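Before any comments, here is the structure.
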Amino acid sequence: MREKECIFCKIISGGISCHRVYEDDAVLAFLDIGPISIGHTLVVPKQHYEKLHNCPVEVFSAMSAATGKIAGVVAEAMQADGYNVLCNNGRSAGQLVDHVHFHVIPRKIDDGIFQRWPKFEYSSGQAEKIAARIREKL
Ligand code: 5GP
Ligand code: ZN
């Protein structure tokens, strides 16, 4: 997705309205239009990057700092018991808008949204190989 067609770039430039909760030089945060819980907020860098690993460290750092602050404030304002911070990257991971963003999702005990994802166990020796394969790429 190019910047011109990007819905979040349009929100950042003011072409599309949003319910803004926070703004600084590098970051805009606004309510998600299709919330999974009341107060579900998106934290978006003002520069267009598609995925988390595309972000320069200054952008990631600004996003992270803003997200920490916003998460606490949103949770308090919504009287939440907790919150999730999610970042979907790629279609397989559920990313619909190709402008990197953190979801801040306020949570209440037994809100029924989701709990744990399914898990499995590595076979003998598999974890060692997997970790090595990842380290090789660093
Ligand atoms: P993703 O699936 O890419 O991680 O999440 C994109 C999010 O952006 C979705 O939760 C969706 O509801 C939200 N969204 C999409 N278009 C708009 C919009 O025009 N305004 C706002 N406020 N949120 C949007
Ligand atoms: Zn964009």
Side-chain angles (χ1 to χ4, degrees):
M1 186 187 288
R2 301 212 326 273
E3 289 179 49
K4 262 207 232 157
E5 295 139 22
C6 171
I7 197 122
F8 288 175
C9 283
K10 287 181 187 163
I11 289 174
I12 290 157
S13 67
I16 293 178
S17 65
C18 71
H19 295 286
R20 186 174 58 90
V21 302
Y22 174 83
E23 185 166 12
D24 63 29
D25 288 348
V27 172
L28 179 67
F30 50 92
L31 294 184
D32 192 304
I33 204 169
I36 191 170
S37 70
I38 304 276
H40 179 174
T41 297
L42 301 173
V43 183
V44 173
K46 287 187 172 175
Q47 285 178 287
H48 180 98
Y49 296 100
E50 195 171 313
K51 296 190 174 76
L52 203 56
H53 65 271
N54 303 132
C55 283
V57 68
E58 323 78 72
V59 174
F60 178 64
S61 169
M63 266 180 94
S64 303
T67 299
K69 176 161 34 182
I70 289 159
V73 168
V74 167
E76 193 183 346
M78 296 303 108
Q79 298 179 307
D81 303 308
Y83 56 85
N84 295 104
V85 173
L86 295 180
C87 183
N88 302 325
N89 289 268
R91 293 287 173 273
S92 64
Q95 184 177 17
L96 295 175
V97 177
D98 291 333
H99 180 132
V100 66
H101 51 281
F102 287 134
H103 294 259
V104 175
I105 301 170
R107 300 295 306 273
K108 295 203 171 168
I109 298 285
D110 294 331
D111 60 13
I113 294 175
F114 61 85
Q115 280 299 326
R116 302 295 308 176
W117 45 80
K119 62 176 184 174
F120 66 93
E121 280 182 25
Y122 285 117
S123 58
S124 169
Q126 192 185 11
E128 220 166 50
K129 287 188 193 136
I130 298 295
R133 201 197 294 173
I134 296 167
R135 282 196 307 268
E136 273 169 23
K137 300 282 181 198
L138 289 172

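In this chain, numbering begins with 1 at the start of the sequence shown. Both backbone and side-chain heavy atoms feed into the values below; hydrogens, waters and symmetry mates do not. In each ligand, atom 1 is the first atom listed, and ligand 1 is the first ligand listed. Nothing here was measured: the structure is a model prediction, and the numbers come from that model.
An N or O contact shorter than 3.5 Å is missing between Leu42 and ligand 1 by distance. Of the polar atoms of His101, at least one N or O is found under 3.5 Å from an N or O of ligand 1, judged by distance alone. Looking at Phe8 next to ligand 1, no N or O pair under 3.5 Å apart turns up. Considering backbone and side-chain atoms alike, Ile16 places every N or O at 3.5 Å or more from each N or O of ligand 1. The shortest N or O to N or O distance between His40 and ligand 1 is not below 3.5 Å.
In this structure, atom 3 (O) of ligand 1 lies nearest to the protein heavy atom Leu96 N, 2.7 Å. The protein heavy atom nearest to atom 22 (N) of ligand 1 is Leu31 O, 2.9 Å. Asp32 OD1, 3.3 Å is the protein heavy atom nearest to atom 11 (C) of ligand 1. Protein heavy atom in closest approach to atom 14 (N) of ligand 1: Ile33 CG2, 3.8 Å.
A side-chain donor-acceptor contact under 3.5 Å links Gln95 to the backbone of Glu50. In this structure, the side chain of Lys46 does not engage the main chain of Glu23 through any donor-acceptor pair within 3.5 Å. Side chain of Asp32 to main chain of His40: no donor-acceptor pair is present (N/O by atom type, distance under 3.5 Å, no hydrogens or angles). Looking only at distances, a side-chain donor or acceptor of His101 sits under 3.5 Å from a matching main-chain atom of His99. Without hydrogens or angle criteria, Ser37 side chain to Pro106 main chain gives a donor-acceptor distance under 3.5 Å.
The side chain of Ile11, and not its backbone, has at least one atom closer than 4.0 Å to an atom of ligand 1 (non-hydrogen atoms only; side chain from C-beta on). When non-hydrogen atoms are compared, ligand 1 lies under 4.0 Å from the backbone of Val97 as well as from its side chain.
Between Cys9 atom SG and His48 atom ND1, the angle centred on the Zn ion (ligand 2) amounts to 110° (nearest 10°).
Taking 4.5 Å as the limit, every side-chain heavy atom of His53 sits out of range of all side-chain heavy atoms of Val100. Between Asn88 and His103, the closest side-chain pair of non-hydrogen atoms falls below 4.5 Å. Between Gln115 and Arg107 there is a side-chain heavy-atom pair separated by less than 4.5 Å.
Remark: distances from the non-hydrogen atoms of Gly94 to ligand 1 include one below 4.0 Å.
Per-residue contacts place Asn88 under 4.0 angstrom from the following atoms of ligand 1 (heavy atoms of the residue considered): 1 (P), 2 (O), 4 (O). For ligand 1, the atoms sitting less than 4.0 Å from at least one non-hydrogen atom of His103 are 1 (P), 4 (O), 5 (O), 7 (C), 10 (O), numbered in the order shown with element in parentheses. Here is the list of ligand 1 atoms found below 4.0 Å of a heavy atom in Gly34: 12 (O). Residue-ligand proximity, Phe30 to ligand 1, at heavy-atom distances under 4.0 Å covers atoms 21 (C), 22 (N). Under a 4.0 Å criterion applied to the non-hydrogen atoms of Ile7, ligand 1 contributes the atoms 19 (O).
Among the heteroatoms counted here (N, O or S) of His99, ND1 is the one nearest to the Zn ion (ligand 2).
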Pair Met78-Tyr83, side-chain contact (heavy atoms from CB on, under 4.5 Å): steps then yes or no: CA-CA 10 Å; Met78 296 303 108; Tyr83 56 85; over 6 Å; no
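Contact record, Leu31 with Gly39: CD2-O, 4.0 Å, taken as the closest heavy-atom pair.
A ring-centre distance under 6.0 Å is found for Phe30 and Phe8.
When the shell of 6.0 Å around CG of Leu86 is examined, it contains more than 12 heavy atoms from other residues, nucleotides or ligands.
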